[in-house]
Amino acid sequence: MFKDTDKIGPGKNVEGTEMRYRDAFNQALRDELNNDKNVLIIGEDISGGFDKKTKEPLDAWGGPFAATKGLVQDFGKDRIMDAPISEAGFVGAAIGAALTGLRPVVDLMYFDFTTVAFDQLLSNAAKSRYMFGGQTKVPLTLFARSGGGTGHAAQHSSAFYSILAHIPGLKVVTPSDPYSVKGLLSSAIRDDDPVFVVNDKKLINMTGFVPNETYQIPLGKGRYLSEGSDITLVGMSYTSVVCMEAAKELKKLNINAEVIDLLSLSPLDEDIILESVQKTNRIVIVDEDNPRASMASEVAAIVSDKAFDYLDAPVKRVTAPHTPVPYSKGLEDAFLPNSEDVIGTVKMIMGA
Amino acid sequence: MKIENKLEWIYETLIRIRFFEEAMLEQTYKGNSMGVTHPSDGQEAVPTGICAHLTEKDWIGSTHRGHGHCIAKGLETKKMMAEIMGKFTGNCKGKGGSMHIADFSKGMLGANAIVGASIPLAVGAALTAKYQGKEKDSIGVAFFGDGASSQGVLHESMNLASIWKLPVIFACENNQYAEATPAWYAVSIEDIADRAASYNIPGVVVDGMDVFAVYDAAEQAVKRAREGKGPTFLEFKTYRYHGHFHADQPEKYRTSEEENLWKKRDCIINFEKRVIKQKLINKNRLDSIKKKIQKEIEDAVEFGLSSPLPPEETLYEDVYVNYSNDLRGFR
Ligand SMILES: Cc1ncc(C[n+]2csc(CCOP(=O)(O)OP(=O)(O)O)c2C)c(N)n1
Ligand SMILES: [Mg+2]
């Protein structure tokens with residue numbers, strides 16, 4: 001769905017196919033398992049189910065949202081390791097394995113379960129290299145599904161990626177379409193630092209063009225999704241889709257919005273944000289995370305600090321409220337920032 | 001209490017859970033539930049046999065598969081159905097849904113969607129009881145699955161309960177699977193109850209398909225807790241008849257032979273056979289109880305369907321007791 005204006009994108013004349021986000025994800029895992037025999041995947045139900053007689057994996061689930069479907073047949077149960085429900089234990093073990101030569105990839109299922117293993121992430125994965133004076137590295141990749149919109153209620157819908165981005169030593173990426181998830185997951189697994197790949201549930205069945213070849217999107221680089229001169233809209237993860245929807249509608253009102261998709265939250269591509277806002281002089285940041293101490297606040301602060309003289313309007317945020325995610329559909333819809341909210345905010349600061 | 005005096009309540013509760021889950025699934029398939037649901041039919045004997053010994057002053061902690069626990073603890077089926085349908089008349093005003101049904105007025109600490117997370121809450125309820133010198137009247141029961149038994153928090157909770165001698169029961173519902181993962185793969189021993197010994201807690205394996213066996217085992221554990229003798233670990237061998245959640249396809253990871261073996265041990269059919277054979281309740285009485293519950297569940301569905309949705313401003317309510325900032329975020 002995203003076009004040629006991308007600096008990060010498939011480019012022209014590349015061979016590829018239309019596929020779902022989840023299939024692009026699966027392809028990246030497959031590529032990386034082929035690329036390096038030290039890569040292995042650990043998680044609950046990532047093959048899912050075992051035959052009682054033969055003790056062999058059945059691949060009945062193929063992972064949450066079928067992310068790892070088919071991998072166990074091709075790579076075996078020693079590399080596609082089904083784990084008991086012991087997040088603190090197996091994330092810690094993955095860190096230990098990463099410290100000693102493997103490149104583990106951990107499927108944490110729902111993003112909310114990250115907190116069960118949070119101590120291991122914060123105190124071990126993120127800090128080992130620094131506190132041990134650079135002796136070691138932690139080439140660990142974690143991924144999980146975030147976000148509301150599916151009726152999963154408060155404990156299965158969080159999008160607190162700002163908490164992870166806050167941690168020195170941890171990298172965080174938020175792919176927003178099939179193309180970016182393949183490239184970012186591949187980069188994450190090849191990167192020598194711990195990287196968390198946040199996948200919004202609302203993206204999982206989205207389709208898009210994906211090159212057949214293996215490719216990497218650099219960590220810490222954002223991309224333009226559309227060019228415009230009137231206002232900059234900044235999205236991350238699913239809110240990049242929301243920004244594009246809003247930009248389309250704004251065009252009908254003769255407002256040309258430039259949409260930036262952050263792709264990485266840490267490191268963060270400050271340059272692309274500043275470059276854009278220096279051109280458009282207005283900016284709205286759209287974030288599904290809770291607003292206090294959020295990525296939206298972070299981007300707003302950077303713009304106020306480094307591009308103050310270019311601003312023609314206050315920096316604006318469109319965010320979720322300061323509440324957990326409610327269950328009932330109408331409330332959940334009201335919780336989620338949508339394109340109408342973005343358009344309303346844009347109109348307000350454009351005086352339109 | 002002699003089980004004979006509780007038989008009608010037990011039968012009603014078993015049937016109420018079974019019919020509720022069937023109706024709940026039907027409503028989910030019709031699109032009337034607003035989210036994911038985890039049916040507990042097949043496992044009715046466990047919450048029923050345990051809660052038969054509890055009052056509203058006792059506390060239970062529950063799981064994602066919590067409807068049976070709620071019903072056995074006395075929650076109203078119409079409010080539960082409304083909650084699952086995301087309605088304002090639900091137990092949690094439509095904010096929690098199937099995985100978070102709670103009723104603190106009934107001693108129900110809430111269903112919990114983080115596997116293992118409710119276990120220490122039941123321990124905490126037992127701490128309150130002991131601290132306030134009320135353990136005779138108030139104990140805690142932690143319901144959790146075979147899958148949850150691999151969470152560190154269970155082990156920490158067992159040790160705490162043991163050293164502090166808390167009036168709590170660890171009720172492990174071993175339904176053989178955690179999602180698609182069989183317990184024989186994920187758990188390093190045959191009987192999870194054996195884990196209790198290392199925390200100096202008695203561990204007992206119980207036939208979780210037989211409500212009489214559950215009742216007896218729970219009676220001992222409840223007595224022990226109320227007498228201030230500390231925790232007990234009960235492992236119930238049981239089986240969920242449906243998939244992990246409403247859209248799961250269990251035939252992909254378990255055989256119909258296995259399902260049929262368990263279904264032969266169905267807690268309701270065997271209860272009926274036994275009470276009729278022993279002339280404890282007659283067939284007519286059983287039928288009239290069934291009819292009554294059938295009607296109750298139909299009414300619950302109707303109540304849910306006809307109830308109003310939560311008003312939008314409730315999105316911002318009950319985040320805190322007190323908070324001085326606006327919660328609306330930026331729009
Ligand atoms: C901390 C955490 N990890 C993973 C999950 C996803 N999950 C939900 S239910 C479940 C299986 C639970 O199995 P068990 O404890 O045996 O309960 P059952 O579903 O069999 O009743 C899993 C893995 C979760 N909700 N929370
Ligand atoms: Mg289980």
Side-chain angles (χ1 to χ4, degrees), chain A residues 44-45 47-52 55 57-61 64 82-89 109-110 112-113 115-116 150-156 285 287 290-292 294 296-297 300 316-324 326-335 337 340-342 344-345, chain B residues 33-36 83 85-88 90 92-100 112-117 145 147-153 177-182 184-188 244 248-250 252-255 258 309-310 312 314-319 323 325-331:
Chain A
E44 292 154 27
D45 292 282
S47 70
F50 288 83
D51 188 298
K52 215 174 195 169
K55 310 284 180 212
L58 293 169
D59 204 23
W61 271 40
D82 260 353
I85 309 171
S86 310
E87 287 86 359
M109 203 176 284
Y110 286 83
D112 310 67
F113 312 157
T115 50
V116 181
T150 52
H152 276 82
Q155 293 179 335
H156 277 57
I285 307 122
D287 190 355
N290 300 118
R292 275 265 178 281
S294 63
S297 310
K316 285 287 173 192
R317 288 165 284 174
V318 173
T319 68
H322 188 64
T323 75
Y327 172 73
S328 193
K329 185 92 187 82
L331 297 184
E332 196 189 30
D333 286 345
F335 175 94
E340 276 168 41
D341 300 324
V342 179
T345 303
Chain B
S33 150
M34 286 192 173
V36 49
E83 185 62 34
M85 293 179 177
K87 298 300 178 73
F88 196 43
C92 308
K93 302 179 191 164
K95 275 175 154 166
S98 166
M99 292 198 283
H100 304 301
N112 207 304
I114 302 298
V115 169
S149 78
S150 297
Q151 284 288 36
V153 70
Y177 293 89
E179 295 186 339
T181 301
W184 65 255
Y185 172 82
V187 182
S188 59
H244 172 67
D248 187 26
Q249 298 165 290
K252 287 188 175 168
Y253 54 85
R254 61 187 206 190
T255 62
E258 180 186 289
L309 291 165
E312 189 171 317
T314 61
L315 170 57
Y316 311 102
E317 289 170 3
D318 298 325
V319 181
Y323 196 67
N325 289 143
D326 185 64
L327 301 176
R328 274 157 212 273
F330 303 96
R331 293 278 159 106

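Numbers restart at 1 for each chain; the letters A, B, ... are given by sequence-line order, proteins then strands.
- Gln151(B) contributes atom CD, which lies 5.5 Å from atom OG of Ser86(A) (distance to the nearest 0.5 angstrom).
- A search for side chain to side chain donor-acceptor pair (under 3.5 Å) contacts involving Ser297(A) returns Ser294(A), Arg317(A), not counting sequence neighbours.
- Looking only at heavy-atom pairs under 4.5 Å with chain B, the residue among Pro324(A), Pro326(A), Gly151(A) that has the most is Gly151(A).
- For Ala117(B), no part sits under 4.5 Å from any heavy atom of chain A, backbone or side chain.
- The candidate from His100(B), Arg254(B), His244(B), Glu312(B) with the greatest count of non-hydrogen atom pairs under 4.5 Å with chain A is His100(B).
- With a 4.5 Å cut-off on non-hydrogen atoms, Asn290(A) does not touch chain B at all.
- For a residue to count as touching a neighbouring chain, one of its non-hydrogen atoms must lie under 4.5 Å from one of that chain's; by this rule Tyr323(B) touches chain A with the side chain only.
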Discussion item. What verdict does the side-chain contact (heavy atoms from CB on, under 4.5 Å) test give for Glu332(A) and Met34(B), after you've listed the backbone C-alpha separation in whole Å, the side-chain angles of each residue and the deciding distance to 0.1 Å?
Written reply: CA-CA 10 Å; Glu332(A) 196 189 30; Met34(B) 286 192 173; over 6 Å; no

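- The backbone N or O of Ile85(A) sits nowhere less than 3.5 Å from a side-chain atom of Ser150(B) that would complete a donor-acceptor pair.
- To the nearest 0.5 Å, atom CD of residue Gln155(A) and atom CG of residue Asn112(B) are 4.5 Å apart.
- Looking at Glu87(A), the atoms closer than 4.5 Å to chain B (heavy atoms on both sides) sit in the backbone and in the side chain alike.
- With sequence neighbours excluded, the residues forming a ring-ring contact (aromatic ring centres under 6.0 Å, His included) with Tyr185(B) are Phe50(A), listed by chain and number.
- With a 4.5 Å cut-off on non-hydrogen atoms, Val116(A) touches chain B through its side chain but not through its backbone.
- For Leu58(A), the part lying near chain B is the side chain, with the backbone staying farther off; criterion is any non-hydrogen pair under 4.5 Å.
- For chain A, no part of Gln249(B) is nearby; none of its heavy atoms comes within less than 4.5 Å.
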Worksheet item: For Trp61(A) and Asp248(B), what are the C-alpha separation, side-chain angles and deciding distance, and is it a side-chain contact (heavy atoms from CB on, under 4.5 Å)?
Response: CA-CA 9 Å; Trp61(A) 271 40; Asp248(B) 187 26; 3.2 Å; yes

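- For chain A, the option among Asp318(B), Val187(B), Asp326(B), Asn325(B) with the highest count of heavy-atom pairs below 4.5 Å is Asn325(B).
- Heavy-atom minimum distance, Glu179(B) versus Asp45(A): OE1-OD2, 2.7 Å.
- Heavy-atom distances place no part of Lys316(A) under 4.5 Å from chain B, backbone and side chain included.
- Counting heavy-atom pairs under 4.5 Å between each of Gly86(B), Ala180(B), Pro182(B), Gly96(B) and chain A puts Ala180(B) at the top.
- Only the side chain of His156(A) comes within contact range of chain B, with heavy atoms under 4.5 Å apart.
- Between Gly35(B) and Tyr327(A), the shortest heavy-atom contact is N-OH, 3.1 Å.
- Note on Cys92(B), Gly90(B), Gly152(B), Pro310(B): by heavy-atom pairs under 4.5 Å with chain A, the leading option is Pro310(B).
- Of the listed residues (Ala154(A), Ala88(A), Pro57(A), Ala334(A)), the one with the most heavy-atom contacts under 4.5 Å to chain B is Ala334(A).
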Discussion item. Evaluate Thr181(B) against Glu44(A) for side-chain contact (heavy atoms from CB on, under 4.5 Å), listing each step before the verdict.
Written reply: CA-CA 8 Å; Thr181(B) 301; Glu44(A) 292 154 27; 6.0 Å; no

